[in-house]
Amino acid sequence: MKRYPDLPASVTALEEEVLERWKAEGTFQKSLEKTRDGLPFVFYEGPPTANGRPGIHHVFSRSIKDAVSRFRTMQGRHVPRMAGWDTHGLPVEIEAEKKLGISGKRQIEEVGIARFNEVCRDSVLAYTDVWEQFSARIGYWLDYSKPYVTYHSDYVETVWWLLRQIHDRGLIYRGHKILPYCPRCGTGLSSHEVALGYKDVKDPSLYLTLPIVAAAGEPDGREFLVWTTTPWTLVSNVALAVNPELEYAEVEHQGRRLVLATARVPALFGAEAPVVRTFPATELVGLAYRRPFDWVDPLGYGDADGAARAWHVFPAAFVTAEDGTGIVHLSPAFGADDYTVGRDNGLPVIQPVDDRGAFRADLPLVGGRFVKDADTDLLIDLKTRGMVFKSTREEHSYPHCWRCGSPLLYMARDSWYVRTTQVREKLLANNAEIRWFPPEVGSGRFGEWLENNVDWALSRSRYWGTPLPAWVCEADPSHLHVVGSFAELRGLAGGLPEPFDPHRPFIDEVTFGCTAEGCAGTMRRTPEVIDVWFDSGAMPFAQHHYPFENRDAFERQYPADFICEGVDQTRGWFYSLLAIATLVGPRIAELTGNPALDGPSYRNVVVNDLILDPEGQKMSKSKGNVVDPAVAIAQHGADAIRWYLLSVSQPWIPKRFDPEGVREVQRKTFDTLRNTYKFFALYADLEGWTPDSPAPSVDARPVIDRWLLSRLASVTKDVREDYEGYNLTHAVRAVADFVVDDLSNWYVRRSRERFWGNLDGTDAQSAYATLYEALVTTARLMAPVAPFFADWLHRALVGSESSVHLADFPVEDAARIDAGLERGMAAVRTLSTLGRAAREEVGIRVRQPLAALYAVIPQGVETGGDLLAILRDELNVHRVEFMDAAEELVTFSARPNFKTIGKAHGKNTQAAAEAIRGIPSADLARFRKGEDVGYEVDGRPWTLTPPDLDIVQTATGELTVESEGGYTVALDAVVTPELRAEGLAREVVNRVQKLRKDAGLQVQDRIRLGVSGGPELVAALEAWRGEVAGDTLAAELEVLGTPLASDGYDTTREVDLDGTPAHIGIARAG
RNA sequence: GGGCCUGUAGCUCAGUUGGUUAGAGCGCACGCCUGAUAAGCGUGAGGUCGGCCGUUCGAAUCGGCCCAGGCCCA
């Protein structure tokens, strides 16, 4: 009768079979239903952008997410796992541009925003099917039935609501942002894009002089020496900056008095420079100077106060004396540092350049010209006014547009900000409540970043994104209304088109009368969309369309217990989730009446690092070293890959994806477990054992069973605690070690004979019950990480309806943990190793029985008679004796325990160690019996205490062979005639078994056996007749001193038994 | 330039609050076992713990500096 199924032919066949089962029976759904009333365990899935295919790194983070979710589900927690899609943003727009065969904002607007966004919307979900299949195939259970999609109207509405809450706290404002900008494409570039386009080009290097103006407005005779590589920005100069830490010098040069950093004097004027005097930067701060070009009225770009502050010297830490002159010209509209200094000091932002990079048409000399083309004319103009000290062209690396090759300009663009700096302390406090794995990402990389938090630049001058719900009055731009819901907008605008799409360009058409008191202006939406990171960070709220719907669902699912993403999300999703939670926390607490919700939106976060190729190189399409997950899974199966990724090293360490390592996992862990199952299934079927068969109580089982169940309980405890503490790597390694080492290589190996025959006896019943329990528990322990094989195994053992994922995660029975027994067995295994080494040394194979093994073990380790029987069997010796039973065979020596004596002796530790090592064997023998023994250190007497030392026993006679730690083994290697006879009998059994197998007999087939050979062999077989017949299942055994009659047997064979010739024949017994 | 991570055997990784003989697997060499067999087991060789300096009775472990690789930021 076949109760226990055969393993499928291949790993992939197994996984596909399991996938079919899950699909057919809706196992995932069942697991959610089963836990419906359980305590929620909240997990947030970070939304991927579905406009590309998943890569191997997605397998990695998903393995972690899935393992934790499955584990908690098995613990009875309710773990809904809602898929989501990140659908807005520049990457999507770029795909759409490719599709339309266009490039740049101008062409997008020619195509029309409506058409363009339609293409974006259509392309962004192009790969969702691929992703869904991918998730399914790797065994990532995720609910795709109603995913949250960031472009859906409900989602957008929640985002608007969140922005409104932030605005109500006064934390949204308009400002400028300096962006790398392509004047040809009319678009800002992300830092990633900028990095793509650096080119070496020749640009001006201009040293100019700017006269210092005395208090009365008159020249004071000195001039600043200033360096710039962008002469065109001089038109919008508003200030100079010096580093307050630097020393400056006044130099006399051709009758002029020039001021610059002392450190730069030699480079510009030579070693013999005529320095008049030097002075600290503080002398310069606040001085006024005359600007190089006075064409632009600052009042057009700021208030009168700002204008009054312009054209003075300000301190700025970013100024260096490594090149230039240590005096930097500031044009806040065209440089990030310039902008920051300008903003901090209330300076105007003079911006006379349009979107195409051309100067305002009304300017003299350069009006209407592309800024870089104006450099030469500006230079000539300065020269004619005697303001040029030195002018060259220098080659340097400068960013260009990766699409069109135009040089980029750093330009101030209007931008909307969230004043996150105002909640910095709360951000830090909330972050302190999050458990980071590893902690240093939270305290270090993320913590530092929060410490240096700058306001969140919220807006993007793009098309396909959540429109910024800010309406600005045409009559007075200070009148601002942030709309918090569609209903509100409908009310303000007196209706909305149906169906309503909140995206551009439709939303741009919606206008309404100014909401400011007594203003008759019209309010128009500001054209920007928002940063996509705000979209994804809004996910805890927006996936439920909170607070418009599903308030209960939201409250049950906020905050997350667990999230997991790549370390690249530190400034991405990890930040946007935390920032939004912090910004709206007080409001959420108020709405829900739950003050605890004014906190972080996630409590535990596992950070995973990159997956590199086998050579440790980053995977990239250009290098061609990208691993396609579909190919890898087809080769190795999902279980092995998941197991490999989690076991090879901690998630937050960058790891190489080595197919050899995956194969090793498959061979070592999975094949071993498969073999263990095959062994169990083979004999359980033969013997008709089922889980309902009688099972002796654990106390009544043999020591090796109690040992295995103790180990099983210990491992269960460790693994459960590891999973609970997000230490997946430890958990996985502990399971693998248990399977390979304890279960297969010791328990099964040492217990094999117990499984055949004799099911009526309690020994076999114990063995089956023990192995069965170990296999079932192992399946459950590994289920979170290897969901396929674990489920197959569990069903094979328990029943085809019994998915492991609907089972309870094991809880260890603490009463079964017997630490003493585990130590004792460990001792036996150590002694086995030493015994085998000893046999190796004397060259006597294990099949040859020997009389005795003498062993020494450390104090405090208990090895009962049962354990010693295992050792006898393993080493094939008749007796094991402990040497201290015969002290004349043993010498004692002391090994100091530094941990203890170090505390007692401090600086004299080394002397104490020497003294302890010098204690004579006889004294140690007395000490072992409990007598006081003293020693002396530095003239002071000390009394020996047990923790101070380990006593090592050494055999004194000729027997000593192997020793390790506190363990020593001595083998009696004398082969007596009796032992030789026994060995010969075992040799015969060995040859017969081989012959049985070669003859194609089944393990349970009975035979007739005939053996012929010399007198020694005949005598040996007669002496061991019963054992030989029993071991070979021989119903008849014919032992002959004369040649064997071949025709009496089906198969015969001449064999050599370690030098003794023999002739054996077997036939199947009827 | 700043922050963080990593560096232990040919390869992949362990190494508890510092404790004196630094472990495991793979690979390699040799051998064993055979009623889990296109399996299993053992033995052995192999390491100045990236380098230098320091703290300490004692450092792979703590501190400083440096080197190499990676990530993030500028």
Side-chain angles (χ1 to χ4, degrees), chain A residues 191 318 320 322 336-337 438 440-449 451-452 566-572 607 609-610 612 614 616-618 644 647-650 652-656 658 660-661 663-665 667-669 671-683 686 729-730 733 736-737 740-741 744-746 748-749 752-753 755-757 832-841 843-847 874 876 895-913 962-965 989-994 996-997 1001-1005 1031-1033:
Chain A
S191 58
F318 78 88
T320 72
E322 279 164 25
D337 288 328
E440 60 267 18
V441 172
S443 58
R445 185 181 284 207
F446 194 59
E448 302 271 342
W449 149 265
E451 296 271 4
N452 300 315
V567 69
D568 53 323
Q569 297 294 331
T570 327
R571 284 154 170 80
V607 179
D609 210 309
L610 284 180
L612 311 168
Q617 297 294 308
K618 194 170 172 175
Y644 166 78
S647 65
V648 66
S649 62
Q650 297 283 10
W652 44 86
I653 294 175
K655 51 184 57 49
R656 304 174 181 204
D658 183 2
E660 198 44 55
R663 275 191 285 276
E664 187 185 321
V665 163
R667 269 202 312 271
K668 221 170 101 72
T669 306
D671 284 355
T672 301
L673 190 55
R674 288 160 69 96
N675 272 328
T676 306
Y677 167 77
K678 267 160 76 177
F679 173 85
F680 168 83
L682 174 64
Y683 293 109
L686 276 177
T729 302
H730 269 160
R733 286 174 175 172
D737 288 348
V740 172
D741 215 42
S744 171
N745 288 348
W746 194 248
V748 172
R749 189 156 69 78
R752 281 199 297 236
E753 301 184 354
F755 287 88
W756 43 82
S832 300
T833 301
L834 293 172
R836 279 190 293 266
R839 275 184 172 273
E840 190 102 357
E841 184 79 15
I844 300 175
R845 60 179 48 158
V846 179
R847 217 182 294 131
E874 174 73 9
N876 197 14
R895 226 176 44 168
N897 180 3
F898 282 89
K899 204 162 182 169
T900 325
I901 65 168
K903 284 202 178 80
H905 294 279
K907 286 193 189 282
N908 290 324
T909 303
Q910 298 304 341
E962 298 293 335
S963 181
E964 177 198 307
V989 170
N990 167 259
R991 299 309 192 280
V992 173
Q993 303 292 25
K994 214 170 268 177
R996 281 179 59 108
K997 182 161 187 67
L1001 296 181
Q1002 298 294 307
V1003 295
Q1004 70 275 22
D1005 287 340
D1031 286 354
T1032 57
L1033 295 185

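So that the names make sense, note that chain A is the first sequence line, chain B the second, and so on, each numbered from 1. Quick note: numbers below take in every heavy atom, side chains included, and nothing from hydrogens, waters or symmetry partners.
Applying the 3.5 Å distance criterion, the base of B:A36 shares a donor-acceptor pair with the side chain of A:Arg752. Below the 3.5 angstrom threshold, one finds no donor paired with an acceptor across the side chain of A:Thr672 and the base of B:A39.
When the side-chain nitrogen and oxygen atoms of A:Arg845 are compared with OP1 and OP2 of B:C32, one or more of them lie within a distance under 4.0 Å. Contact annotation: A:Asn990 side-chain N/O to B:U34 OP1/OP2 distance is under 4.0 Å. Residue A:Arg839 places no side-chain N or O under 4.0 Å from the OP1 or OP2 atom of B:G42. Residue A:Arg733 has no polar side-chain atom (N or O) positioned under 4.0 Å from OP1 or OP2 of B:A24.
Nucleic acid contact for A:Ser744: base, since at least one base atom lies under 4.0 Å from a heavy atom of the residue. Across all strands shown, A:Ile901 has no heavy atoms under 4.0 Å from either base or sugar-phosphate atoms. Within the 4.0 angstrom heavy-atom criterion, no nucleotide atom of any strand lies near A:Ser832.
Listed nucleotides: B:G25, B:G42, B:U37. Nearest to the side chain of A:Lys678: B:U37. Comparing B:A36, B:G35, B:C41 by their nearest atom to the side chain of A:Tyr683 picks out B:G35. The listed nucleotides are B:A36, B:C57, B:G25; the one nearest the side chain of A:Glu664 is B:G25. Residue A:Thr909 has its side chain nearest to B:C57 when only B:C57, B:A36, B:G42 are considered. Distance from the side chain of A:Leu1033 is smallest to B:G35 among B:A36, B:G35, B:C26. Listed nucleotides: B:G15, B:C57, B:G19. Nearest to the side chain of A:Lys899: B:G19.
Between B:G50 and B:G7, the two P atoms lie 8 Å apart (nearest whole Å). With C1' as the reference atom, B:A68 and B:C52 are 15 Å apart, rounded to whole Å.
Computed from coordinates, the A:Gln993 CD to B:U34 C1' distance equals 9 Å when rounded to whole Å.
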